Every structure is written in structure tokens, then in C-alpha cells.
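As the structure lists them, so they are numbered: ligands from 1, and atoms in each ligand from 1. None of the values given here were measured: they were computed from a predicted structure. In this chain, residues are counted from 1 in sequence order.
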Amino acid sequence: MSDNVVEIHELTRHFWRKTALANITLSIPRGVVFGLVGENGAGKTTLIKHLLGLLKAQEGTVAVFGLNPVDDPVGVLGRIGYLSETRELPDWMRISQFMSYSQAFYPKWDRTYAEELRDMFELSNEQRIKSLSRGQRARVGLLAALAHRPEFLVLDEPSSGLDPVVRRDILAAIIRTVADEGRTILFSSHLLDEVERVADQVAMLHLGRLVLSSKLDEILDVHRVMTIQFPESLSSTPTFPGGFGWSGGGRDWTCVCNGELEILRSAVTDAGASIVEQRRPSLEEVFLARARGVSVAPMRSQL
Ligand code: ATP
């Protein structure tokens, strides 16, 4: 059996004339923390819904634990903990009722762990779900996703609604603990600094296309941020081969370079300009540059 928890091959999904996912191929190995990033409408939730069998592949294939989630929902969903982006919860229940109710669906529900999470999230048994704040709802959703100790944890925008302390101290710690136990996590997020802190691998969607999918360190290692000074002020954005996602103005411009360092360097010299700074980028810088420069070449690894 493959050691990949997820295998997606050439998945395409249209909603009427809109292409939400275009020819996506990616796999998620067992035991990794996999960050799915992309701007609003990039296709993150649509991809997650295919993993849960909530959407059927129109073209291509989706396998989770080697199974098709549409054909075998019981075999797949019983092993997944899922936090939805919309945090649907039964509003009329109290927290204690919700915990008993959720437990009924999962033979492996760990009552002790569920109580620990309830304490950690400062939720009281008596509270009714409809009276909870957005952040508290996110905590209840997380509790339900975690308490049966799923093999595969799928969190759609888990940080949304959580305050920075919970995000940084609790969510990040939970994600690391689950991964250290050899379980697998997929989480989508807009917060790239957070993804950079906890993810082992990252996939980046842009307008339904997969623009990057690699180990985080590899992504950061093959890209460079370059600041270039020109002899005279430029009236328009430079277009040098090898550089993309340009920003700046006047004589000073910054771009991201994807392994094409020599090509960019000689183009810069030919233009009488000079590279004044060169450094490793943050994930956010790579993401923004990729999103700005849509027709960027595939990732290279010869830096
Ligand atoms: P966000 O970060 O805003 O949640 P996302 O990356 O999760 O965005 P999706 O929700 O997957 O993006 O949406 C991808 C595209 O598909 C969007 O253009 C969205 O409008 C469209 N889409 C998603 N679901 C449907 C649907 N049921 N009917 C029509 N269009 C849809």
C-alpha cells in the first residue's frame, strides 16, 4: 500500500463555466503537516470537499487511504477529523450534549482527551452552542475534529476566528503533537507566517491551478528575494528573465528569483544595474510574487 494518505491525479472541477480546480496532481505523505494556501476563491475548500467525498471528481481521480471517498464514505470519513470553514454545529445543544452526540459517531472517541481539550479551550459543559462567539465555535469544532484521534486531520481555515494566543500557542501545539504521533494533517490558511511556522509541505493554489507543491524548506531554498538598483529611474516595471513579482519604483526594484540566478544576474549587468541585496524569502513573499506573476515557470532547484 502507498504511504501517501492522499493521492490526487489530474483533478478538474467546474462550477458551470467557472473552473475551480484545473488539472491538480498532488499527494500527501503519511505523518506530514501539509499547508494548503491560496487567495480567496483559489480552490482550497473545493479541493478539501473532494477529499471528504462531498464533491465527486468530474475529471481525474481522488484517493484517501487508497479509497475513493465518494464510493466508500464510511471507510474514509471514520478515519478523518474535519473542521469545516463554516463551523456548522447544532446550535440548540449544550457543549456536554454536543460531546456525547459527537462521541456516538466515532468508536475511537477518547473521553479523557475530549475533556482535556474542553478545559484547554475554556469551554464549559453548560454553554449552549448558539451563545458562543465565533472563536468559541472554532474551538468546539476543533475539539470534535480531534477527540477521536483521527489518522488524518483536515482543518479548513482553522485560525479563522481564533485570537492570536490560541492560534500561536494552542493550535500550533496541537498540530505538532498530532504530527509527532505519526498522524497526518492538512490545513488551509491565509496566514502564511503561520503556515511557515508549522507546515512541512506546502501546496499553493492560484485561480484553481497548482503553482507550487513541495517541502517548505525546498520552496524557501530555491527562491531568492533580489533588490536591484538601476542607474536611472524607471518609468515602468522591469521585465528581466528569471525575476517575477516585481515591486518598487524609481531606481530601486525588488523581485523574487526562482533558481534562474545566473540568467537574472547577467541581464542585470547588461542593463548597467546592480544587485544590492539578496536573501532567502519568507513564504509570504514567494506567495505574493507567484500570485502577481501568474505565468511563472515551474519551481527550479539549482540555486
Ligand atoms: P476562500 O479562501 O475564500 O474560502 P477557497 O480557496 O476555499 O476560497 P473555493 O471555495 O474552493 O475557494 O472556491 C473556488 C471557486 O469555485 C470560487 O470561484 C468559488 O466562487 C467557486 N465555487 C465554489 N463552490 C461553488 C459552488 N457550489 N457553486 C458555484 N461556484 C462555486
*Assess Arg13 against Phe15: is NZ or CZ under 6.0 Å from the centre of the six-membered ring, and within 45 degrees of the ring's axis?*
yes
_Arg183 to Phe152 six-membered ring, cation-pi geometry met (6.0 Å, 45°)_ = no
Non-hydrogen side-chain atoms of [X] and [Y] separated by less than 4.5 Å:
X: Leu205; Y: Leu210; answer: yes
X: Thr254; Y: Trp246; answer: no
X: Asp270; Y: Phe240; answer: no
X: Arg167; Y: Glu194; answer: yes
X: Arg279; Y: Glu277; answer: yes
X: Arg30; Y: Glu151; answer: yes

*When only distance counts, is Gly38 in polar contact with ligand 1, meaning an N/O pair under 3.5 Å?*
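It does not: no N or O of Gly38 is found under 3.5 Å from an N or O of ligand 1.
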*ligand 1 and Gly41, any nitrogen or oxygen pair closer than 3.5 angstrom?*
yes
Any idea which atoms of ligand 1 are less than 4.0 Å away from a heavy-atom of [X]?
X: Thr46; value: 9 (P), 11 (O), 13 (O), 14 (C), 23 (C)
X: Ala42; value: 5 (P), 6 (O), 12 (O)
X: Lys18; value: 18 (O)

Can you pull out the closest protein heavy atom to [atom]? Residue, atom name and distance to 0.1 Å, please.
atom: atom 31 (C) of ligand 1; result: Phe15 CD1, 3.3 Å
atom: atom 10 (O) of ligand 1; result: Thr45 CB, 3.7 Å
atom: atom 2 (O) of ligand 1; result: Lys44 NZ, 2.8 Å
atom: atom 4 (O) of ligand 1; result: Glu85 OE2, 2.6 Å
atom: atom 3 (O) of ligand 1; result: Asn40 ND2, 2.8 Å
atom: atom 16 (O) of ligand 1; result: Ala20 CB, 3.4 Å

*Given the rule in the salt bridge (Lys or Arg N to Asp or Glu O under 4.0 Å) test, do Asp221 and Lys215 qualify, once you have shown the distances and angles that lead to the verdict?*
CA-CA 10 Å; Asp221 284 347; Lys215 290 186 178 158; over 6 Å; no
*Please state whether His190 comes within less than 4.0 angstrom of ligand 1, counting heavy atoms only.*
yes
*Heavy atom of Glu39, distance to ligand 1 below 4.0 Å*: yes
*Is there at least one protein heavy-atom neighbour under 4.0 Å from atom 19 (C) of ligand 1?*
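There is no protein heavy atom less than 4.0 Å from atom 19 (C) of ligand 1.
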